[in-house]
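This report refers to the structure that appears directly beneath it.
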Amino acid sequence: MRGGWRGAMSTVGGLTRTYGLQRHFTKEGVDGPPPRIDRTSLQRVSRYFRPYARQWLVVLICIGLTAGLNVLPPFCVGTILDRAIPDADMTLLALLAGAMVGLALVSGLIGVLQQSLTAKAGQSIMFDLRNELFRHLQQMSLHFYTATRSGEIVSRINNDVNAVQGVATGTLVAVASNVATLTATSIALFSMNWRLTIVAVLVVPAFYLPSRLVGAIRRRLADDTQESQASLLAFMQERLHVSGSILTKIFGQQEPDAGIFAEQSARVRDLNVKQAIVGRWLFMILSVFSAMGPALIFWYGGYQVIREQLTPGLLVAFAALLTLLYRPLVQLASVYVDVQAAIAVFDRILEYLDLRPSVKEKPDALALAHTEGHIAFEGVRFAYPAVVTTGEPPNDGDPDEPATEPFALQDVSFEIAPGEQVALVGPSGAGKTTITYLVPRFYDPDAGRITLDGHDLRDLAQESIRQHIGVVTQETFLFHSTIRENLLYARPDALESEMIEACQTANIHDFVSALPDGYGTVVGERGFRLSGGEKQRVSIARALLKNPTILILDEATSSLDATSEYLIQTALAKLLRGRTSLVIAHRLSTILNSDRIVVLDAGRVVEIGTHHELLDRAGLYADLFHQQFGKALQLDGERRGVGRESTRKEEQK
Ligand code: ADP
């Protein structure tokens with residue numbers, strides 16, 4: 001694949017999408033830094049909960065009520081044993097038994113209310129986060145997409161945001177309800193028998209020490225697992241993808257790829273197994289400690305009953321309450337781990353939200369409602385930001401940091417007058433595509449400036465620049481939706497008649513109308529497969545529909561059959577007519593039709609002029625021209641010569 005518009009990429013209406021082959025892939029999951037549990041990140045996380053403060057408050061009230069209600073049944077049992085049974089009081093017995101059912105019913109109903117509120121609030125937080133992330137990532141510069149694996153981004157939005165649901169409805173509610181239960185139970189226990197309570201509480205510290213140790217191990221494992229799962233997902237998405245699988249097949253990499261996959265998959269398996277085992281160990285240790293509590297109570301409480309300092313009913317009630325005390329303790333111990341995992345999840349999301357696009361909009365950016373289409377490059381120097389090869393989200397290139405890479409463009413100056421067609425010519429890697437990236441301001445130059453109608457692009461609103469620019473690339477990307485939706489992406493308010501007119505001009509209308517579903521045919525990655533030529537004509541129609549003042553065209557190098565070629569050429573000619581255009585030219589006819597040719601070599605402009613001027617100069621252009629077209633012209637000339645000769649012969653006869 002040549003250098004231009006890398007991957008299967010295309011721009012429509014100034015919106016850019018890349019998919020498929022990312023250049024960098026890390027085999028190993030990356031050990032990220034341990035999650036920062038600092039105040040600022042907690043504050044930032046709480047910002048997402050704030051809009052639903054009222055729901056959370058009701059949830060807290062529900063939790064408090066449930067905790068209070070749950071303490072009561074043991075008292076019923078105690079009273080049955082100590083009063084109803086010894087006094088043979090049937091009414092009290094029935095009343096207390098009925099109360100136990102009633103309490104369960106009420107706390108169950110409160111539970112339902114609480115669950116529906118937490119689910120709604122939790123899902124709403126996810127909804128907000130997902131939208132914010134999507135919008136944020138949309139703003140990122142092109143560099144971000146070329147430097148990140150597409151699977152990685154999808155995984156982050158998907159898995160991490162889903163994990164937030166668990167945090168909001170699981171972890172936080174669990175913490176609150178455990179704290180409430182703990183408080184209510186402690187109060188009840190103390191009010192019953194303080195000596196016995198102190199004995200029971202003595203066992204408590206033993207819960208924390210082992211759980212901390214196992215918790216730290218679990219946290220590290222959870223992080224590692226998440227990273228390797230994301231890595232595995234990204235690998236799958238690349239390899240099990242149209243372009244990726246073509247590469248795999250062409251280069252015969254099935255076996256090595258399967259090996260890498262197995263290796264990564266094994267890592268996921270081992271980490272998950274480890275996680276399960278460590279979790280079970282934590283459970284085992286805590287269970288032993290929680291069995292110690294009741295044992296101690298029956299031993300010491302039994303002694304008090306024998307000495308008639310305690311009634312048997314109260315001892316039973318006390319023991320029952322004790323399980324209420326230990327359960328939240330066990331859970332709180334592991335919740336500590338869960339909270340840490342939750343913070344790690346939020347951290348990963350915040351990390352992405354912290355990325356700043358390298359192409360920044362000025363607060364007072366000028367919106368250019370109309371453009372003459374006068375473009376000027378003035379001493380432009382540009383280097384691509386360094387690519388991050390770790391699993392960390394790539395920084396979107398810090399514009400303040402001097403670029404260290406070799407420069408893709410150096411001291412580039414040239415102008416395109418309104419309505420002029422300028423062709424970019426030069427060897428591969430000369431910087432032609434880079435120039436076409438800089439015009440819509442996908443990147444900013446490191447030095448010099450680019451102006452549109454005399455305004456520095458950096459002073460203009462990005463959207464207003466791109467609104468005037470149409471792009472037709474070598475490889476056309478169509479979304480997985482109908483042809484109509486793909487076309488209207490350029491201008492959603494276009495009329496059906498305008499869309500059809502654009503398709504007629506682009507020589508694709510007849511083809512589309514002949515499809516069974518016409519413009520409703522679903523195309524794209526998993527839809528109806530259009531041929532390369534058809535896709536190109538759809539993208540020409542898409543650009544026509546946008547009707548931009550400025551057109552950037554990256555001519556396809558792949559040769560098509562003569563009919564397709566003819567259809568595309570005539571469509572392109574109509575598209576280019578009357579527009580300011582910058583063309584990466586590969587065809588002789590395009591070069592000859594251009595008003596001026598800018599010749600690039602190794603990032604520098606080496607020649608500028610018309611075709612004839614440049615041929616006369618006998619420089620790089622002349623060399624390239626003869627290399628590329630000399631033979632074709634010669635053949636063409638010979639063919640014409642032969643043709644003329646045979647006609648003459650015929651005439652002589
Ligand atoms: P051309 O279109 O003339 O073939 P390009 O503009 O694509 O050339 O490339 C100019 C130089 O910039 C080349 O050396 C190329 O390797 C480099 N380059 C292009 N895209 C990137 C990128 N995304 N990251 C880093 N370097 C790049």
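Both counts, for ligands and for their atoms, begin at 1 and track the order of listing.
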Checklist entry - Just distances here: any N/O of Tyr443 and N/O of ligand 1 closer than 3.5 Å? => result no
Checklist entry - Does Gly429, backbone or side chain, put an N or O under 3.5 Å from an N or O of ligand 1? => result yes
Checklist entry - What heavy-atom pair brings His586 and Glu555 nearest, and what distance separates the two atoms? => result N-OE1, 2.7 Å
Next on the checklist: Between His136 (side chain only) and Tyr352 (backbone N and O only), is there a donor and an acceptor less than 3.5 Å apart?
Outcome noted: yes
Item to check | Proximal atoms of ligand 1 relative to Thr434 (non-hydrogen, under 4.0 Å) | outcome: 5 (P), 6 (O), 9 (O), 10 (C)
Checklist entry - Under 3.5 Å, is there a donor-acceptor pair between the side chain of Thr482 and the main chain of Val522? => result no
Next on the checklist: Show the atoms of ligand 1 that are less than 4.0 angstrom away from any heavy atom in Ala408.
Outcome noted: 11 (C), 12 (O)
Next on the checklist: Quick test of your reading of the structure: of Tyr384, Tyr437, Phe407, whose heavy atom lies closest to atom 23 (N) of ligand 1?
Outcome noted: Tyr384
Checklist entry - Does Thr473 reach the main-chain N or O of Glu475 with its side chain, forming a donor-acceptor pair under 3.5 Å? => result yes
Next on the checklist: Between Arg491 and Asn547, does the side chain to side chain donor-acceptor pair (under 3.5 Å) criterion hold? Intermediate values first, please.
Outcome noted: CA-CA 9 Å; Arg491 185 151 66 86; Asn547 195 17; over 6 Å; no
